[in-house]
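As structure tokens, the structure follows; a few thoughts come after it.
Along the sequence shown, the residues carry numbers beginning at 1.
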Amino acid sequence: MLVRDAMSTVVLTIGPTHTLRQAAALMSTRHVGAAVVLDPDGTGIGILTERDVLNSLGLGQDPDSERAHAHTTTDVVFATPSWTLEDAAQAMTHGGFRHLIVLERGEPVGIVSVRDIIRCWVPVRRQAAQHTPA
């Protein structure tokens, strides 16, 4: 199974000057755990996750004044739609993160999360177990 089969094509993009409150509200409204941060004048493409927002709040920072750029991961591992889910899972495990931005021709076309991979693997593994001779 490939990343294109599992990825969400709902890609929330925000700018680096969005506040963490704005980013969190948009993520909540769209039911996503990460936003792609596009900064064409700076670092390019980055990612802001729900964990980044939570860490900021845990430090007592003000979500109305903290900007996305200060909490964005810019050292990002990107996937392509043609990666296998095993490749994506291995990259996530190796890097210690739960989301991969999926790029095609240099543009974000999706996000794949650990949850997306599990959602695809569980039925396949369950079906395989049912057809395995005892």
Return a table of donor-acceptor pairs under 3.5 angstrom between the side chains of residues 22-29 and protein atoms on other chains or two or more places apart.
residue: Gln22; atom: OE1; partner: Thr19; partner atom: N; Å: 2.8
residue: Gln22; atom: OE1; partner: Thr19; partner atom: OG1; Å: 3.4
residue: Thr29; atom: OG1; partner: Ala25; partner atom: O; Å: 2.9

**Study point:** Qualifying residue, where the test is side-chain contact (heavy atoms from CB on, under 4.5 Å) with Ile45 and the options are Thr72, Asp39, Val36, Val37
**Key:**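 When side-chain contact (heavy atoms from CB on, under 4.5 Å) is applied between Ile45 and each of Thr72, Asp39, Val36, Val37, only Val36 qualifies.
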
Of all heavy-atom pairs between [X] and [Y], which one has the smallest distance, and what is that distance?
| X | Y | answer |
| --- | --- | --- |
| Val3 | Ala88 | CG2-CB, 3.9 Å |
| Leu20 | Ala68 | CD2-CA, 4.2 Å |
| Ala6 | Leu85 | CB-CD2, 3.7 Å |
| Val109 | Pro81 | CG2-CG, 4.3 Å |

Point to revise | NE2-CG distance between His71 and Leu48, expressed to the nearest 0.5 angstrom | key: 8.0 Å

Check your understanding: CZ of Arg115 to OG of Ser8: how many Å apart, nearest 0.5 Å?
Key ->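 The OG atom of Ser8 is 11.5 Å from CZ of Arg115, to the nearest 0.5 Å.
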
Review point. Are any non-hydrogen side-chain atoms of Ser82 and Arg4 less than 4.5 angstrom apart?
Key: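 SC-SC contact between Ser82 and Arg4 confirmed.
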
Practice item. Could you tell me whether a side-chain N or O of Thr73 sits under 3.5 Å from a main-chain N or O of Val76, the two making a donor and an acceptor? Key: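 It does not hold such a pair.
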
Would [X] and [Y] show up in the same hydrophobic cluster when neighbours are defined by side-chain heavy atoms closer than 4.5 Å?
| X | Y | value |
| --- | --- | --- |
| Leu12 | Leu38 | no |
| Ile118 | Trp83 | yes |
| Val32 | Val112 | no |
| Met7 | Val114 | yes |

Could you list the donor-acceptor pairs under 3.5 angstrom formed between side-chain atoms of residues 89-105 and any protein atom two or more places apart in sequence or on another chain?
residue: Thr93; atom: OG1; partner: Ala89; partner atom: O; Å: 2.9

Got a list of side-chain donor-acceptor pairs under 3.5 Å for residues 54-62, not counting sequence neighbours?
residue: Asn55; atom: ND2; partner: Arg51; partner atom: O; Å: 3.4
residue: Ser56; atom: OG; partner: Gln61; partner atom: OE1; Å: 2.6
residue: Asp62; atom: OD1; partner: Asp64; partner atom: N; Å: 2.9

